[in-house]
Amino acid sequence: MTPLNTPEWRSLERHYSDLKYASMREEFALDASRFEHFSLTSGDLLLDYSKNRITKQTVEKLIALAKSLDLSGWIERMFSGEAINTTEGRAVSHIALRNRSNTPIKVDGEDIMPSINAVLAQMKQFCDQVHSGEWLGYTGKKIIDVVNIGIGGSDLGPAMICDALEPYGVGGMHVHFVSNVDGTDLSTTLENLNQETTLFVVASKTFTTQETLTNAQSARTWFLQSGQQADVAKHFVAVSTNAQAVSDFGIDTENMFEIWDWVGGRYSLWSAIGLPIALYVGMENFERLLDGGHEMDNHFKSKAFEENMPVMMGLLGIWYVNFFGSQTQAIVPYDHSLARFPSHMQQLDMESNGKVTNRSGQRLSYKTGPVIWGTPGTNGQHAYFQLIHQGTQLIPVDFVLPVNSHYPECDHQSILLANGLAQSEALMKGKSAEEVRAELVNEGLEGSELESLLPHKIFPGNRPSNTLLFPQLTPEMLGQLVALYEHKVFVQGVIWNINSFDQWGVELGKQLAKAILPDLKPDSTISAHDSSTTSLIKLIRQLTKR
Ligand code: F6P
């Protein structure tokens, strides 16, 4: 159903007209318990959403919208294994991968839990063998370097988790991620590695992805500079749905870890796509990650919308995109080990909700997924925060703040936290002309000097943010966080009436790249393109060093 036609949407439009100039700063001054009203918990995770341009009425109206669009029904459909990814005819069951209660989840009438458990057992056995030295390289040496070759969902999620869980790394194990077809990525990764002690995990749901297969072939060529064909089995394993393609590539299907059609790439880090995580931090810690994801699933499934974190974050996003006209959303972790978190969230959100067609195939007349971006604090403060504070766009920010660091260096953590809190406070409060004037007078400025500087130092404020606060970045907490954002994306897809689980928008570029590739050969006949593309192809052919 089109959300625009619901009375709840129209009611939100009227509410927006009444509220658009309301000041958060005044709301905070009027209501001493604003934080209590607008914060939620799930286990040790706190969401403070009080610094948003909302009143209690806004929340009620957003929840009424979610109810009118049958959000509960959609949650139920996803958790029960229904084929809600209609354009690909698939269920959406990443929640089953972390279903630690092990209750049956049926896809096409069959309980998928036994296959999930079997792959988890296979992963555990393999990790134990590698860590204990039972699985050795071809010259009898222990494996110490794992190179994951994958791209998109077969790279970003596991890479982000491995960075974030570095303090939990198994002693002596190193993990590397190669994704880009740019040869620089593979070459610089392999530069310092030794064939005898390196294991490649070729991760591709389809096993047809050009970048991954090209990198995997080159990795095998590198391996064969030292090992023999018969040794490949000890150094290459695969994660895929496509046993035939794995075998055609030359990897023994005995060394293949299965994934399934019902898990989308960007939701797959919980499956065997997470093998590099388990190899790096151990299966026990991988399972703790799954536990955290499962905890958030239970929260999402069972909590009333008023107390439901993914629902609230999803609805706040709708409020800004569709009523305030925000086009982007920043995610800023105040944790250096979460440096890749925004990139994973970018794929998760933008590949899911970057859609212009509704579930029934009609073109949409309203905005959907925003641009997701961000880098860790405090670095971002010295780069792009200027625009968030004083620019002309409204950019909601999610601050992600662990209270304790795994690296408690003197005062670093309190400085980091103070900065994170200061940013959200500054965005909300801003600085008025009167405050700037008083400050400048205090500094001894007056007359035209003061008047000309004053407007530049005003902060409009009233800029929204959420704060996610938790004691420490443990595997469970990370699992909760990732699952929180997955469900937030789902909530928004339901409101926008789009299928968040296909990604047809990536196909055209792939098709055209295949057509252009032969055109780059020196003497080939260039196929039909626009004049820009043809001229660029000709220039590349001229400039290519042979
Ligand atoms: O091109 C987009 C995409 O299909 C993503 O959705 C996916 O995560 C990525 O490519 C990699 O796909 P695969 O795991 O099949 O190699």
Side-chain angles (χ1 to χ4, degrees), residues 84-94 97 119 147-162 177-182 185-186 200-220 236-249 251 253 256-277 340-355 369 372 482 485-486 489-490 493 498-517:
I84 58 171
N85 174 359
T86 47
T87 59
E88 295 182 314
R90 291 174 186 166
V92 172
S93 295
H94 48 282
L97 297 165
V119 174
V147 180
N148 188 78
I149 298 182
I151 197 163
S154 303
D155 166 76
L156 284 165
M160 178 274 287
I161 302 278
C162 286
F177 288 85
V178 172
S179 54
N180 201 326
V181 75
D182 180 342
D185 197 1
L186 183 70
F200 292 95
V201 177
V202 185
S204 175
K205 180 177 165 185
T206 55
F207 230 79
T208 57
T209 305
Q210 189 185 42
E211 292 92 330
T212 300
L213 295 187
T214 307
N215 276 322
Q217 268 148 11
S218 301
R220 188 173 49 192
F236 282 77
V237 300
V239 183
S240 189
T241 54
N242 189 345
Q244 186 59 52
V246 168
S247 157
D248 292 349
F249 178 84
I251 295 179
T253 46
M256 174 181 146
F257 296 80
E258 193 186 6
I259 53 168
W260 305 271
D261 271 353
W262 43 254
V263 53
R266 52 199 177 275
Y267 299 88
S268 65
L269 67 88
W270 318 94
S271 70
I273 289 289
L275 184 64
I277 307 173
R340 295 207 226 199
F341 190 75
S343 298
H344 177 59
M345 292 305 142
Q346 194 172 61
Q347 185 197 15
L348 172 65
D349 203 315
M350 293 171 75
E351 200 165 72
S352 298
N353 285 344
K355 309 279 163 71
I372 303 291
V482 176
Y485 277 93
E486 289 179 353
V489 166
F490 174 66
I498 55 180
N499 175 6
S500 299
F501 300 103
D502 61 14
Q503 58 285 311
W504 300 109
V506 300
E507 295 303 324
L508 179 58
K510 288 185 193 174
Q511 274 172 15
L512 295 186
K514 283 199 182 120
I516 291 173
L517 187 59

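Read the numbers this way: they start at 1 and go in the same order the structure lists the ligands and their atoms.
Thr241 contributes no side-chain N or O that, together with a main-chain N or O of Ile259, makes up a donor-acceptor pair within less than 3.5 Å.
The distance criterion of under 3.5 Å between nitrogen or oxygen atoms is not met by Thr212 with respect to ligand 1. For ligand 1, the polar-atom distance check finds an N/O of Gly153 within less than 3.5 Å of one of the ligand's N/O atoms.
In terms of protein heavy-atom proximity, atom 5 (C) of ligand 1 is nearest to Glu351 OE1, 3.5 Å. Looking from atom 15 (O) of ligand 1 to the surrounding protein, the closest heavy atom is Thr206 OG1, 2.6 Å.
For the pair Ile251 and Val237, the minimum side-chain heavy-atom distance is 4.5 Å or more. Counting heavy atoms from C-beta on, the side chains of Phe501 and Thr86 never come closer than 4.5 Å. For the pair Phe177/Met160, no side-chain contact is recorded, criterion being any heavy-atom separation below 4.5 Å from C-beta on.
Only side-chain heavy atoms of Val506 come within less than 4.0 Å of ligand 1; its backbone N, CA, C and O stay farther off.
At least one heavy atom of Gln347 sits less than 4.0 Å from an atom of ligand 1. Ligand 1 has at least one atom lying under 4.0 Å from a heavy atom of Lys510.
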side-chain hydrogen bond (donor to acceptor under 3.5 Å, both in side chains) evaluation trace for Glu211 with Asn215: CA-CA 6 Å; Glu211 292 92 330; Asn215 276 322; over 6 Å; no
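Across every non-hydrogen atom of Phe236 and Ala216, the tightest pair is CE2-O, 4.1 Å.
Considering each of Ile273, Val202, Asp502, Thr209, the one bringing a non-hydrogen atom nearest atom 16 (O) of ligand 1 is Thr209. Atom 11 (C) of ligand 1 has its nearest heavy-atom neighbour, among Ile259, Ile149, Ile151, in Ile151.
Atoms of ligand 1 lying under 4.0 Å from at least one heavy atom of Ser204, given by number and element, are 13 (P), 14 (O), 15 (O), 16 (O).
Residues Phe490 and Tyr267 place their aromatic rings such that the two centres sit no closer than 6.0 Å.
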